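Working notes, structure below.
Predicted model only: the values in this text are computed from it and were never measured.
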Amino acid sequence: MIKDLKTITGDALLEMELNEPRVIVEHLLPAGLHILAGSPKIGKSWLALWLCHRIATGQDVWGFKTTQGNVLYLCLEDKLPRIKRRLMSITEDGSEHTAFATEALPLGDGLTEQIESFIQKHEGTTLIVIDTLQQIRGQIDNQTYGSDYADIVLLKAIADKYDVAILCVHHLRKMKDDDPFNMISGTTGLSGSADGMFVLKRENRLSGKAILHGTGRDIADIELPLEFDQVNCLWKLLENYERKAAVDEPIVQALTEYINTNSTFTGTMSELLVSLNIQSLSAAMLSKKIRDNTETLTHEFGIDVDFVRDRNSRTVTVKRRCDGDDGV
């Protein structure tokens with residue numbers, strides 16, 4: 001007998017308390033399956049190693065806050081001596097929260113079980129890096145959308161189950177494209193099933209400067225201008241985009257100006273739209289933008305946001321944080 005579809009009504013869904021994906025790197029890397037792609041020898045592995053170290057030690061990434069936790073780096077194209085040299089280039093102190101492996105079983109033949117076992121034995125794991133994706137897939141004679149999609153779904157299932165980020169280092173195709181994400185090697189089965197994609201693209205082959213293009217289901221599109229520091233072997237951000245993004249967001253500006261004048265607001269999103277004199281957004285979109293920028297409003301501008309939802313009403317309170325409150 002065929003089972004009926006399990007459904008939920010829209011009003012019941014809005015009443016549910018659901019956990020959002022854990023944020024591993026603020027504004028950049030939430031839990032989920034992500035792809036980091038770039039041309040060969042561009043510096044993807046340097047970036048991946050530095051990212052692992054920063055998260056394992058709880059340090060920010062280009063000014064973006066991180067969720068400290070255990071990290072597993074599957075560096076499948078390298079041996080331990082090279083990894084040691086690279087680690088010594090970026091830090092004087094290793095971390096007990098970073099684990100390296102130079103060998104792993106293929107995807108579909110034991111890898112997922114190995115990753116799950118690591119997560120279960122290392123409580124607080126936040127990031128798994130697979131360098132490279134091709135190494136765990138083996139030789140693919142007939143690359144199709146279905147095969148690409150099926151492989152990514154296996155890894156995505158682990159990321160979703162354990163609320164961790166899995167970052168797969170991958171290559172770009174040689175064909176140029178105005179959209180950097182179209183240059184990711186493989187079919188759209190890879191990019192279409194991933195939660196996020198990052199493309200590291202140099203200005204030219206001899207240049208030390210590059211743009212890290214990012215997009216995803218749970219992050220806003222971002223372009224970070226980077227420059228490779230040959231002395232310290234790491235990618236440095238050329239501009240402080242965390243602050244710039246906050247200042248450039250119209251909703252942040254509008255709310256800040258309103259609270260500076262009125263001190264507080266309590267009401268529905270529709271009423272807040274009227275108070276802010278915003279006609280270009282729906283109430284639902286305003287709610288999303290405020291939620292996306294809650295941390296910025298609190299820590300950068302000293303504004304508290306509190307959402308209240310019950311069966312009869314859904315309101316938001318926005319107010320100036322009082323002196324002496326935590327976080328000022």
Side-chain angles (χ1 to χ4, degrees), residues 22-32 34-39 41-69 71 73 86-93 95 98 126-127 129 131 165 167-170 172 179-181 183-184 194-216 218-249 252-253 292-301:
R22 180 166 50 164
V23 176
I24 311 304
V25 181
E26 181 186 27
H27 304 309
L28 195 63
L29 188 68
H34 307 272
I35 294 174
L36 168 62
S39 300
K41 306 299 187 290
I42 193 175
K44 303 184 297 296
S45 294
W46 282 111
L47 178 56
L49 177 61
W50 179 73
L51 187 65
C52 287
H53 179 69
R54 303 294 286 191
I55 292 173
T57 56
Q59 301 180 72
D60 64 22
V61 171
W62 300 314
F64 301 128
K65 297 176 182 178
T66 63
T67 299
Q68 190 274 334
V71 174
Y73 185 8
R86 288 186 171 183
L87 188 61
M88 291 175 64
S89 297
I90 66 172
T91 181
E92 295 181 355
D93 300 303
S95 170
T98 309
T126 56
L127 175 66
V129 172
D131 188 359
L167 182 66
C168 297
V169 180
H170 196 41
L172 296 179
D179 186 342
F181 302 109
M183 296 174 61
I184 296 176
D195 295 300
M197 297 180 293
F198 300 92
V199 172
L200 184 63
K201 189 176 179 182
R202 285 186 189 264
E203 293 180 351
N204 59 67
R205 192 65 200 172
L206 299 178
S207 174
K209 295 182 179 180
I211 299 293
L212 181 65
H213 304 266
T215 189
D218 299 306
I219 62 169
D221 290 354
I222 193 168
E223 293 183 356
L224 300 177
L226 306 177
E227 184 172 21
F228 192 72
D229 181 343
Q230 296 283 354
V231 175
N232 298 298
C233 298
L234 54 85
W235 287 98
K236 290 186 174 181
L237 183 64
L238 294 180
E239 297 181 39
N240 188 341
Y241 261 59
E242 182 182 23
R243 179 70 181 184
K244 182 176 184 293
V247 172
D248 286 350
E249 172 57 66
V252 172
Q253 294 182 22
D292 288 345
N293 289 280
T294 295
E295 190 165 342
T296 296
L297 286 164
T298 299
H299 295 292
E300 297 287 344
F301 299 98

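The side-chain heavy atoms of Trp62 and Leu226, taken from C-beta on, include a pair separated by under 4.5 Å. Side-chain contact between Phe228 and Cys233 is present, with at least one heavy-atom pair separated by less than 4.5 Å. Under the 4.5 Å side-chain criterion, counting only non-hydrogen atoms from C-beta, Trp235 is not in contact with Leu224. Here the side chains of Thr67 and Ile55 are not in contact, with every heavy-atom distance at 4.5 Å or above. Using a 4.5 Å heavy-atom threshold, the side chains of Leu29 and Leu127 count as touching. Between Val252 and Phe301, some side-chain heavy-atom pair lies under the 4.5 Å cut-off. Two residues are said to be in side-chain contact when any heavy atoms from C-beta on lie closer than 4.5 Å; Trp46 and Arg86 meet this criterion. Side-chain contact between Leu49 and Tyr73: present, with at least one pair of heavy atoms (C-beta onward) separated by less than 4.5 Å.
The minimum heavy-atom distance linking Thr98 with Cys52 is given by the pair OG1-O, 4.2 Å. Residue Ile24 comes nearest to Ala165 through the heavy atom pair CG1-CB, 3.8 Å, listed as atom of the first residue, atom of the second, then distance. Nearest heavy-atom pair across Val61 and Leu51 is CG2-CD1, 3.8 Å. Heavy-atom minimum distance, Glu223 versus Ile211: CB-CG2, 4.0 Å. His27 and Phe64 get closest at one heavy-atom pair: CD2-CD2, 4.1 Å. Pairing each heavy atom of Arg202 with each of Lys41, the nearest pair is NH2-O, 4.4 Å.
Note: Trp50 CH2 to Leu234 CG = 7.0 Å, rounded to the nearest 0.5 Å. Ile90 CD1 to Asn232 CG: the interatomic distance, rounded to the nearest 0.5 Å, is 10.0 Å. For the atom pair CG (Leu167) and CG (Leu47), the distance works out to 8.0 Å, reported to the nearest 0.5 Å. Here the NE2-OG1 distance, from His34 to Thr215, works out to 11.5 Å after rounding to the nearest 0.5 Å.
Asp229 places a side-chain N or O within donor-acceptor distance of the main-chain N or O of Val231, the cut-off being under 3.5 Å. Without hydrogens or angle criteria, Lys201 side chain to Pro180 main chain gives no donor-acceptor distance under 3.5 Å. Judged by distance alone, the side chain of Asn293 and the main-chain N or O of Thr296 form no donor-acceptor pair under 3.5 Å. Using a distance-only test at 3.5 Å, with no hydrogens or angles considered, no donor-acceptor pair links the side chain of Gln59 to the main chain of Arg54. Distance alone, capped at 3.5 Å, is enough to place a donor-acceptor pair between the Gln68 side chain and the Ala56 backbone.
Between the side chains of Asp60 and Thr66, no donor-acceptor pair is found at a separation under 3.5 Å.
Classification of the His213-Phe181 ring pair by plane angle, with boundaries at 30° and 60°, yields perpendicular.
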Would you please test Leu212 and Leu36 for side-chain contact (heavy atoms from CB on, under 4.5 Å) and show each step?
CA-CA 9 Å; Leu212 181 65; Leu36 168 62; 4.0 Å; yes
